[in-house]
Amino acid sequence: MAQLASPHALYISEILFAISYHLADDKKALARLARCCHAFSEPALSVLWSSVRSFSPFIALLPPTVKVLWDHSQFDEMTLVEFQCPPEEEWRVFDSYARRVRRLYSGSRCHQIVARIRSRTTLFPLLQSLSLQLVESLDMQGHLFSDSLRSLKISGPAYVHCKDDRVQMAVAQVARDAPLVEHLHIEDYTYSVVQSSLPPLHFAHLRAVEISAFFGYSLLQSLCHILSQAPVTQLKLELPPLPNKEWNVSVPVFPALKSLQICGNPASAEQFISHLASEGLQELGVHHTRGSASAADYHQLLLCVADKYGNTLQQLSLSTLQQISLSFTQSPTPNYPYDVSQALLDAFYALAPRFNRLQTFHLSLPHNRYVHLAPELTSESHTWPSLKLLDLEEK
């Protein structure tokens, strides 16, 4: 009986999938397994095609007339307008593999063009995670985003002057076609972006957003506007410097926000925080990654945070950029130079009583500097009764 039990185990699909998932990192082994017997074919192929790092493997599976366009680079507008989508039976092989994909990394123009050609059908109907580089503006008639999508990363064109609002229009298409998306990451490397006229979009399930705007703030402001009413609770921003420019968003943004991480200078961070609609921010991190900063910038930042979130903030993390001498005392003395780092500590110490619920304070400062903690910060005090962790880091 024991000898007969072993072959029967291979008829249990859960066991076959478990074996296939165990080989998820070995693509060659999965390919061999899919060819070894009919029972293993479906589980092995499902795991093998569950995560695909480009659209290229699907080009060979396209209907012949569509593949000809790719082979001859016939992607001009006139050809695409006149091109007739092949009948569904010609997409059978493509669909048999596309339905297995759960995670896709795509920077191919062909992906966007095929989605345009087959505009009435979603190419990857069960896709859950997509990383997409926008090579060109999307056709709003197409359906590039599956309604099963949960996580999306959009990258704009790199290091060019962008003359359209392709990123914003892509987000609008996500709101239309992928209403269950929960995580959105937008990465932009363009030097200039056209402002979009889109109104705030409806995202019922969007909870986590990450926006990296490296060179300009036009896209950032536009995205904050169209996402302003989404129920986002976690937000991470790469802020460009905003010298002598006002934040141009007409309404407060992100009313449900609980956690905010900002990479940028303190002046830019203060401008952004002042326009938040959230009344219950609990976690805040400001990491000074580039640009200059003055003592007044840090003071204004801390004052803004204390005014808005002194009664709700539980965790605060600050990171300074300048490599300068510092000391931790309540006031400057001749022995400890009064610099930006010192000013930051002095400003925070003066405002500490206003942070009623702060439990964790993390401070990252330049390395190889003399550090002296004021006694009031290291012992239990009525001035700061909720503090549980004071974390100092040299970088």
Side-chain angles (χ1 to χ4, degrees), residues 27-35 41-42 44-146 148-149 152-164 166-167 169-170 173-174 177-178 187 189-190:
K27 301 297 184 182
K28 291 183 179 180
L30 282 172
R32 297 189 191 101
L33 197 61
R35 295 192 295 265
S41 179
E42 180 64 24
L45 286 176
S46 295
V47 176
L48 181 63
W49 287 83
S50 64
S51 180
V52 184
R53 297 202 63 84
S54 77
F55 188 77
S56 298
F58 294 95
I59 294 176
L61 308 177
L62 294 171
T65 55
V66 180
K67 190 173 182 299
V68 166
L69 296 181
W70 171 261
D71 293 339
H72 296 85
S73 301
Q74 296 176 328
F75 294 144
D76 59 280
E77 186 64 22
M78 182 177 295
T79 300
L80 294 176
V81 169
E82 297 177 353
F83 188 82
Q84 296 294 319
C85 181
E88 286 299 304
E89 56 266 22
E90 294 190 22
W91 293 92
R92 183 177 54 83
V93 176
F94 179 95
D95 291 342
S96 67
Y97 288 90
R99 66 178 173 81
R100 306 177 193 273
V101 181
R102 300 296 184 271
R103 185 180 296 106
L104 175 63
Y105 304 84
S106 176
S108 171
R109 187 185 181 195
C110 187
H111 181 194
Q112 298 180 41
I113 290 175
V114 172
R116 175 179 175 179
I117 292 173
R118 204 183 184 193
S119 60
R120 297 183 179 181
T121 304
T122 303
L123 294 181
F124 300 95
L126 300 178
L127 193 65
Q128 296 179 357
S129 176
L130 173 62
S131 181
L132 177 70
Q133 183 174 3
L134 291 176
V135 181
E136 59 183 23
S137 298
L138 297 182
D139 180 7
M140 291 300 289
Q141 301 302 317
H143 292 83
L144 192 64
F145 306 108
S146 167
S148 62
L149 199 63
L152 173 64
K153 179 180 179 180
I154 297 177
S155 299
Y159 307 108
V160 298
H161 288 275
C162 187
K163 298 181 179 180
D164 57 54
R166 67 185 65 179
V167 175
M169 295 306 295
Q173 193 172 126
V174 173
D177 297 338
E187 197 172 55
Y189 295 90
T190 56

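Bear in mind the structure is a predicted one, so any value in this text is a computation, not a measurement.
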Side chain proximity check, [X] to [Y], heavy atoms < 4.5 angstrom:
X	Y	value
Y97	V101	no
K27	L48	yes
L127	R102	no
L130	F124	no
S146	D177	no
M169	Q173	no
K153	E187	yes
I117	L69	yes

Strictly by modelled atom types, are H111 and S106 linked by a side-chain donor-acceptor pair under 3.5 Å?
yes
Any chance CD of Q84 has more than 12 other-residue heavy atoms, nucleotides or ligands included, within less than 6.0 Å?
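No, the 6.0 Å shell around CD holds no more than 12 heavy atoms from other groups.
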Considering all heavy atoms, the nearest [X]-[Y] contact:
X	Y	result
P64	E90	CD-OE1, 4.1 Å
P125	S148	O-OG, 3.1 Å
I113	L80	CG2-CD2, 3.7 Å
L144	A115	CD1-CB, 3.6 Å

Give a yes or no on whether the backbone of [Y] and the side-chain of [X] come within a donor-acceptor separation of less than 3.5 Å.
X	Y	answer
S96	V93	yes
W49	A98	no
S155	Q133	no

To the nearest 0.5 Å, how far apart are [atom1] in [X] and [atom2] in [Y]?
X	Y	atom1	atom2	answer
W91	L62	CH2	CG	5.5 Å
L126	S46	CG	OG	10.0 Å
L104	R53	CG	CZ	10.5 Å
S129	L149	OG	CG	7.0 Å
S50	Q128	OG	CD	10.0 Å

State plainly whether the residues R100 and D95 are in salt-bridge range, i.e. N to O under 4.0 Å.
no
Salt bridge or not between R120 and E88? Use side-chain N to carboxylate O under 4.0 Å.
no
With a 6.0 Å cut-off on ring centres, are F58 and F94 close enough?
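Close enough - the centres of the two rings lie under 6.0 Å apart.
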Picking from L132, T122, L123, what satisfies side-chain contact (heavy atoms from CB on, under 4.5 Å) with F145?
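Only one option passes, and that is L132.
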